[in-house]
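Have a look at the structure below before the remarks.
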2 protein chains.
Amino acid sequence: MKYIDKLRISGLRPTKQRIQICEVLFNTEKTFHFTINELEQKIRNKKGNKISLATVYNTVHAFEKNGYLKRIPLNSNQTYFDTNVTNHHHFYDLKEEKLIDLENSDVGPISIKRKINGKKIKSVEVLVKLED
Amino acid sequence: MKYIDKLRISGLRPTKQRIQICEVLFNTEKTFHFTINELEQKIRNKKGNKISLATVYNTVHAFEKNGYLKRIPLNSNQTYFDTNVTNHHHFYDLKEEKLIDLENSDVGPISIKRKINGKKIKSVEVLVKLED
DNA sequence: AGTGTAGTTTATAATGGTTCTAAATAAGTG
DNA sequence: CACTTATTTAGAACCATTATAAACTACACT
Ligand SMILES: [Mn+2]
Ligand SMILES: [Mn+2]
Ligand SMILES: [Zn+2]
Ligand SMILES: [Zn+2]
């Protein structure tokens with residue numbers, strides 16, 4: 001999907017800054033994990049110009065709300081996002097403080113046997129912590 | 001196990017403040033989830049006196065390090081802890097913003113088929129998000 | 001018991017990721 | 001081009017958490 005469509009569907013006008021964010025986020029072979037600060041640095045390195053943090057936060061949050069980015073539940077002082085929005089799970093390397101994707105085929109089916117009245121399951125996410 | 005032993009094993013002297021924290025954390029039929037601020041309020045309500053936040057943080061972190069409390073990976077602006085330190089998983093009710101324990105028997109066995117060289121699995125935690 | 005030392009509590013400050021603000025700028029529309 | 005509305009931005013505000021350092025306490029040893 002073209003960047004501009006992702007932006008438009010997310011209710012955002014395709015500005016110069018947002019398109020640069022898109023190029024770093026979506027113009028890659030592989031998906032990746034990032035914090036807001038890492039993303040801001042990456043844009044500065046790859047594009048050679050600086051986008052204000054407020055714009056990065058706004059754009060990432062809009063993409064998250066519209067399903068083009070995923071927030072990863074993790075105990076860290078920074079929030080981690082994922083450009084891989086398919087259902088998948090994660091290794092978390094405690095020493096390196098790095099996330100690694102687990103393909104869905106890497107994890108057997110997960111059966112949740114308990115039901116909560118009036119609630120339905122929105123997502124099931126597994127976090128596998130790794131140590132040496 | 002007596003509070004004082006938990007404290008001593010954690011390398012902490014059994015002071016008046018720490019014993020009050022223990023009474024609120026461990027002197028209950030059921031286990032529970034909490035944030036530091038909720039814990040501090042609970043102590044003030046149940047014990048009628050105030051313990052400084054620094055002491056609550058220090059004590060909780062010492063108990064976490066020694067396996068008497070568990071930190072729950074969750075995307076929140078506050079850190080959640082659990083007095084249930086057995087292997088178990090969680091529902092997270094997105095609307096109520098509340099954690100619910102899933103007993104181990106509520107979740108089928110989870111097989112992780114991928115290995116990372118030189119790393120071993122420390123924990124496997126499932127987070128099931130609930131919506132209405 | 002009294003003393004000395006190391007551990008502890010506490011109020012308060014510092015830190016740092018995130019969110020808010022409001023003024024300057026840019027996009028879209030006719 | 002003129003106008004309206006959305007966007008960007010630097011900086012301030014927010015707030016959970018961590019650090020600080022002075023007053024206080026546990027406890028081991030006389
Ligand atoms: Mn978090
Ligand atoms: Mn946190
Ligand atoms: Zn991922
Ligand atoms: Zn729990």
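Below, chain A is the first sequence line, B the second, and so on; all start at residue 1.
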- Does CG in A:Asn45 sit with more than 12 non-hydrogen atoms of other residues, nucleotides or ligands closer than 6.0 Å? yes
- Query: Under 4.0 Å between a side-chain N or O of B:Lys50 and OP1 or OP2 of C:dT9?
  - Reply: no
- Short side-chain N/O contact from A:Lys16 to OP1 or OP2 of C:dA27, under 4.0 Å: no
- Message: Please report the end-to-end axis angle for the helix from C:dA1-D:dT30 to C:dG30-D:dC1, five pairs per end, rounded to 10 degrees.
- Response: 30°
- Task: Could you tell me whether the phosphate oxygens of C:dA11, OP1 or OP2, come under 4.0 Å of any side-chain nitrogen or oxygen in B:Ser52?
- Result: no
- Query: Is a side-chain donor or acceptor of A:Asn66 paired with a backbone partner of A:Tyr68 at a separation under 3.5 angstrom?
  - Reply: no
- To the nearest angstrom, how far is A:Glu38 atom CD from C:dT18 atom C1'? 16 Å
- Message: Whole angstroms only, please: what is the CD-P distance between A:Gln78 and C:dT15?
- Response: 17 Å
- Task: Measure from CG on A:Leu12 to P on C:dG28 and round the result to the nearest Å.
- Result: 12 Å
- Query: Quick check: does any side chain N or O of B:Ser10 sit under 3.5 Å from a backbone N or O of B:Leu12, one acting as donor and the other as acceptor?
  - Reply: no
- Salt bridge flag under 4.0 Å for residues B:Glu103 and A:Arg114: no
- Message: Just to be sure I understand the geometry, which residues of residues 56-67 of chain B put a non-hydrogen atom under 4.0 Å away from DNA chain D?
- Response: B:Tyr57, B:His61
- Message: Please say yes or no: joined through hydrophobic side-chain contacts below 4.5 Å, possibly via intermediate residues, are A:Ile21 and A:Ile19 part of one cluster?
- Response: yes
- Query: Between B:Pro14 and B:Asn37, which has a closest nucleotide on DNA chain D that is more 5'?
  - Reply: B:Asn37
- Do B:Ile100 and B:Leu127 share a hydrophobic cluster, counting only Ile, Leu, Val, Met, Phe, Trp and Tyr and linking them when any side-chain heavy atoms are less than 4.5 Å apart? no
- Item | Short side-chain N/O contact from B:Gln17 to OP1 or OP2 of C:dT10, under 4.0 Å | yes
- Query: Rounded to the Å, how far apart are A:Ile43 CD1 and D:dT8 P?
  - Reply: 12 Å
- Item | Value in whole Å for how far the P atom of C:dG17 lies from CZ of A:Arg71 | 15 Å
- Message: Between P on D:dA19 and CG on B:Leu53, what's the gap in Å once rounded to a whole number?
- Response: 15 Å
- Message: Go nucleotide by nucleotide along DNA chain D from the 5' end; which of A:Ile51 and B:Ile36 gets its closest nucleotide reached first?
- Response: A:Ile51
Anything under 3.5 Å between a protein N or O and an N or O of nucleotides 20-26 of chain C, put it in a table, one pair a line.
none

- Message: Would the distance check show the side chain of B:Asn104 and the main-chain N or O of B:Asn87 forming a donor-acceptor pair, the cut-off being under 3.5 Å?
- Response: yes
- Do any N or O atoms from the side chain of B:Thr31 and from the backbone of B:Thr83 form a donor-acceptor pair under 3.5 angstrom? no
- Assign A:Arg8 to base, sugar-phosphate, or nothing according to its heavy-atom contacts below 4.0 angstrom with the strands shown. sugar-phosphate
- Query: Taking only N and O in the side chain of B:Thr79, is any of them less than 4.0 Å away from OP1 or OP2 of D:dT17?
  - Reply: yes
- Query: Are A:Glu38 and A:Lys42 close enough for a salt bridge, meaning some N to O gap below 4.0 Å?
  - Reply: no
- Message: Whole angstroms only, please: what is the CD-P distance between A:Glu40 and D:dT8?
- Response: 14 Å
- Task: For a side chain to side chain donor-acceptor pair (under 3.5 Å) with B:Asp101, tell me which candidate from B:His88, B:Lys30, B:His89 qualifies.
- Result: B:His88
- Item | Quiz item: cation-pi between B:Lys6 and B:Phe26, 6.0 Å / 45° | yes
- Message: Rounding to an integer number of Å, can you tell me how far A:Lys47 NZ sits from D:dT8 P?
- Response: 16 Å
- Any Lys/Arg nitrogen of B:Asp132 or A:Lys119 sitting under 4.0 Å from an Asp/Glu carboxylate oxygen of the other? yes
